[in-house]
Amino acid sequence: MKKFAMWSMIVLLCVILTGCGKCEHEYDNGVITKEPTCTEEGEKTFTCSLCEETKIESVVKKPHTYKEEITKEPTFEEEGERTFTCKDCDDSYTESIPVRDDEVVVTVTDKSNLPKDINAGRYSDIINLTFDVLNRSDKVIKGIQGNLSICDLFGEEILKVSCDFTGNSIPVGESITIDDLGMEINQFMDSHVKFYNTDFSDLQFKYEVTNIVYDDGSSMKEQSSTESIEGQKVIVTVDDKQNLDINYNVGRYSPRVEFVFGVYNNTSKDIKGVQGTLTIKDLFGVDIMSLGLDFTGQTIPANSSVVFDDLGFDINQFMDDHVKVYSTNLEDLQFEYEVTSIVYTDGTTE
Ligand SMILES: [Zn+2]
Ligand SMILES: [Zn+2]
């Protein structure tokens, strides 16, 4: 009898202590009572089928959902950066993007010295360099802008000159030879003289690309956007360029460049004359020269255009900007016309 009482006591104690007659709960599979997020753990609640006692277990955090964005484009010199930001919280981290692979490889393959020869029209010593230009990009290249460093055998820079390649298109994966780039030597400049007098085999060359213009019109560097046509009263386009050689028979004592202009009157009044400035730029958007240019002698009817085809200028062969305009193809030039004054047929002026 005593034994029984003791057993009863133990069972009773057990019931009191655990709240469950069997001493062991039987929990269900649990339900999520708090969804985890990427910053906080969740909760799962299990309920005992015998006594309804519950217990809570934590649920691991959800992974971050990262959105990827290039926050700094890599250049040829500097690494870029890619930033990953969680779209649910602000957690973020960055990864670096390696320096851009050179899209072009420029190699100098030869140097030749042409001594001054007045009979041949050479008024100073000239160095001619031969280049091999390889296009490693996936687009046809129309022009390359860059700087050429010329160093001595010890890597010491003698001279740095700007050096652009235009006038040739370079097919994808192919290289072209350019041998018509010369440099006039100024005999009063030590660096020029040193470059002239040093053998090709004792020179090192380094070409640094600053911009590439592709055949599809895109470029490595975005060019300063040209003003929108909207709101302009007169829109001038250059439709053709013609180079005229010296011809004494017709009284042309210097070469001449002539352009065919299309002048569009974007106003509702007929225009009698336009005064303005034409800026001629190279393929990379760099100004070559500006000159005053007026359109008169023909009425430009409201909302229509007129062609002016006898306007040009004489080339001074001693002026680099003139020579550059003369020797550059029309498709490698860019034009900007800035109107300074408009005279209408009704006598009003703007
Ligand atoms: Zn229970
Ligand atoms: Zn997150």
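For ligands, and for the atoms within them, numbers begin at 1 and follow the listed sequence. For the single chain, residues carry numbers from 1 onward in sequence order.
At least one side-chain heavy atom of Val213 sits less than 4.5 Å from a side-chain heavy atom of Ser219. Between Lys233 and Val339, every side-chain heavy-atom pair lies at or beyond the 4.5 Å cut-off.
Rounded to the nearest 10 degrees, the angle SG (Cys51) to the Zn ion (ligand 1) to SG (Cys48) equals 110°.
Counting only distance, with no hydrogens or angles, the side chain of Thr340 and the backbone of Gln275 share a donor-acceptor pair below 3.5 Å.
Around the Zn ion (ligand 2), the protein N, O or S atoms closer than 2.8 Å are Cys38 SG, His64 ND1, Cys86 SG, Cys89 SG, listed by chain and residue number.
Taking the Zn ion (ligand 1) as reference, His25 places its N/O/S atom ND1 nearest.
Contacts classified as ring-ring contact (aromatic ring centres under 6.0 Å, His included) and involving residues 113-136 (residues at least two apart or in different chains) are given here: Phe131-Phe165.
With sequence neighbours left out, Phe259 forms a ring-ring contact (aromatic ring centres under 6.0 Å, His included) with Phe261, Phe335. Asp102 meets the side-chain hydrogen bond (donor to acceptor under 3.5 Å, both in side chains) test with no other residue; sequence neighbours excluded.
With Ser124 as the fixed residue, the side-chain contact (heavy atoms from CB on, under 4.5 Å) test singles out one of Lys116, Glu184, Gln187: Glu184.
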